[in-house]
Amino acid sequence: MLKGRPIASLAVLFVAALAAADTDLPGDGGRSGESPDLSKLNFVRAIYNSEGGMGEAYYVYDGRFWARWETDFPEGDDNFSRRLATLTRIDVNPKAASRLLTAPDLGDFPLLYMSDPGYMVLSREEIAAFARYLANGGFVWVDDFWGDAEWQQFANVMREVLPGREWRVLTPEHPIFHTVFDLKEMPQIPALPFASPGGDTAEPAGAHKYPAGSLREPQMRAWLDDDGRVMVVATHNTDIGDGWEREAYGEWYFETFSTRSYMMGVNVVTYAMTH
């Protein structure tokens, strides 16, 4: 991924990454100060911290430094916002936003999107804010994490956010798979660097937290409240967000993966807004 970049350039990025990690701040992607248009649906990316160092809490790819929370942000979120407005009657703000879980206006947004949480850690304040958001009717969609270790990291966090509640699998018979588009299975979307015509759609174990374990079966998992309302949806062993971000990276990837990513995204958001 980094082949051909000047060594000095990589060194600068690496030092910047270390400096960012030392401040214990994940950054905001330049969007946390955006004033939302509350007459429209605002697609909002949740900001969180991750544990570990280079390759864990943060990484360098495609010529820039990324914190885990901002994987595929903002291009993927902006692309999806525009497609959602085109494919449905939902009035959508075309520019996605980002917010800390402790942001004072978090309750203004009915839906949050969270990506790449395989190393995620939350403070006590963030856990309480997350739980409060869900209790007040909020919906969270979590995407792009693979294998057993990354799932366990997120599931452990959710046990603190929603103590006493456990996740369940939503099978393709669930209405969320048929809200707008009729999907007969959970699509497995590999990130662009791992996709090839006729190749495996499961990402390699070496690209994910050890021990990776099972990577082959994509599933939708969810946490429900006492009334059966879906509060949190997790699309595991798939990278829906990369299908949005990489839609312009060739006709083959778009037709094979981006189209299914958009179908899944439209279904999830429409379901969240109507249930």
Side-chain angles (χ1 to χ4, degrees), residues 20-29 31-34 36 42-53 56-59 66-73 77 96-170 208-209 219-236 241 268-269 272 275:
D22 287 344
T23 66
D24 198 32
L25 293 174
D28 70 355
R31 299 286 185 93
S32 69
E34 292 285 331
N42 295 272
F43 196 69
V44 179
R45 177 71 72 102
I47 303 169
Y48 63 86
N49 265 308
S50 294
E51 64 185 4
E56 299 170 330
Y58 49 91
Y59 58 96
W66 304 76
R68 281 281 168 190
W69 75 265
E70 62 178 339
T71 297
D72 303 326
F73 183 82
D77 301 46
S98 64
R99 286 295 187 277
L100 291 165
L101 293 170
T102 54
D105 65 344
L106 196 70
D108 289 341
F109 310 109
L111 181 145
L112 301 177
Y113 177 73
M114 185 179 290
S115 182
D116 207 356
Y119 296 85
M120 183 173 72
V121 291
L122 297 181
S123 68
R124 302 312 306 175
E125 184 182 11
E126 288 170 320
I127 288 168
F130 195 168
R132 188 164 54 249
Y133 175 80
L134 296 174
N136 289 336
F139 181 99
V140 175
W141 178 11
V142 187
D143 180 47
D144 187 14
F145 56 132
W146 298 70
D148 299 336
E150 292 184 13
W151 173 260
Q152 197 59 54
Q153 181 86 10
F154 179 69
N156 288 342
V157 170
M158 290 306 301
R159 290 190 180 100
E160 296 186 80
V161 175
L162 297 173
R165 296 190 185 277
E166 289 297 328
W167 58 273
R168 53 170 285 192
V169 175
L170 299 186
H208 294 284
K209 190 174 184 180
Q219 282 189 335
M220 181 179 288
R221 301 171 178 179
W223 281 259
L224 281 61
D225 69 10
D226 290 339
D227 297 320
R229 180 184 74 88
V230 176
M231 296 183 288
V232 179
V233 155
T235 43
H236 180 242
V268 171
V269 173
H275 288 75

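Keep in mind it's a predicted model, so treat the numbers as computed, not measured.
- Ring to ring, Trp66 and Tyr58 are not that close: their centroids are 6.0 angstrom or more apart.
- For Asp116, the salt bridge (charged side-chain N to carboxylate O under 4.0 Å, His left out) test picks out Arg68, with sequence neighbours left out.
- Residues satisfying the side chain to side chain contact (heavy atoms under 4.5 Å, CB included) test with Pro110, not counting sequence neighbours, are Leu41, Met273.
- Atom NE2 of residue His236 and atom CZ of residue Phe145 lie 5.5 Å apart, to the nearest 0.5 angstrom.
- Residues Trp223 and Phe154 place their aromatic rings such that the two centres sit under 6.0 Å apart.
- Across every non-hydrogen atom of Val161 and Phe130, the tightest pair is CG2-CD1, 3.7 Å.
- Not counting sequence neighbours, Arg168 has no partner by the salt bridge (charged side-chain N to carboxylate O under 4.0 Å, His left out) test.
- For the residue pair Ser115 / Asp143, no side-chain donor-acceptor distance below 3.5 Å is found, with atom types taken as modelled.
- Note that the CG atom of Leu224 and the CZ atom of Arg229 stand 9.0 Å from one another [nearest 0.5 Å].
- Counting only residues at least two apart or on different chains, the salt bridge (Lys or Arg N to Asp or Glu O under 4.0 Å) pairs with a member in residues 43-52 are Arg45-Asp77, Glu51-Lys209.
- Checked against side-chain hydrogen bond (donor to acceptor under 3.5 Å, both in side chains), Asn42 has the following partners two or more places apart in sequence or in another chain: Asn93.
- Legend: residues meeting salt bridge (charged side-chain N to carboxylate O under 4.0 Å, His left out) with Arg132, ordered by chain and number and at least two apart, are absent.
- Legend: residues meeting side-chain hydrogen bond (donor to acceptor under 3.5 Å, both in side chains) with Asp226, ordered by chain and number and at least two apart, are Arg165.
- Taking the six-membered ring for Trp, Tyr113 and Trp141 have ring centres closer than 6.0 Å.
- Residues forming a side-chain hydrogen bond (donor to acceptor under 3.5 Å, both in side chains) with Tyr119 (at least two apart in sequence, or on another chain): none.
- For Glu125, there are no side-chain hydrogen bond (donor to acceptor under 3.5 Å, both in side chains) partners at least two apart in sequence or on another chain.
- Under 3.5 Å, the side chains of Asp148 and Gln152 contain no donor-acceptor pair of N or O atoms.
- Under the 6.0 Å distance and 45° angle rule, Arg221 counts as a cation-pi partner of Trp151.
- Shown here are the side chain to side chain contact (heavy atoms under 4.5 Å, CB included) partners of Ala103, two or more places apart in sequence or in another chain: Arg99, Asp105.
- A pairwise comparison of heavy atoms in Arg31 and Ser98 identifies C-OG, 3.3 Å as the closest pair.
- Taking each heavy atom of Asp28 and Phe73 in turn, the nearest pair found is O-CE2, 4.4 Å.
- Annotation: side chain to side chain contact (heavy atoms under 4.5 Å, CB included) contacts of Ala57 (sequence neighbours excluded): Ser50.
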- [ ] Just do the side chain to side chain contact (heavy atoms under 4.5 Å, CB included) check on Ile47 and Leu101 with the steps written out, would you?
- [x] CA-CA 7 Å; Ile47 303 169; Leu101 293 170; over 6 Å; no

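- How far CZ of Phe43 is from CG of Leu111: 6.0 Å, rounded to the nearest 0.5 Å.
- Every side chain to side chain contact (heavy atoms under 4.5 Å, CB included) that Tyr133 has, sequence neighbours left out, goes to Leu106, Leu112, Val140.
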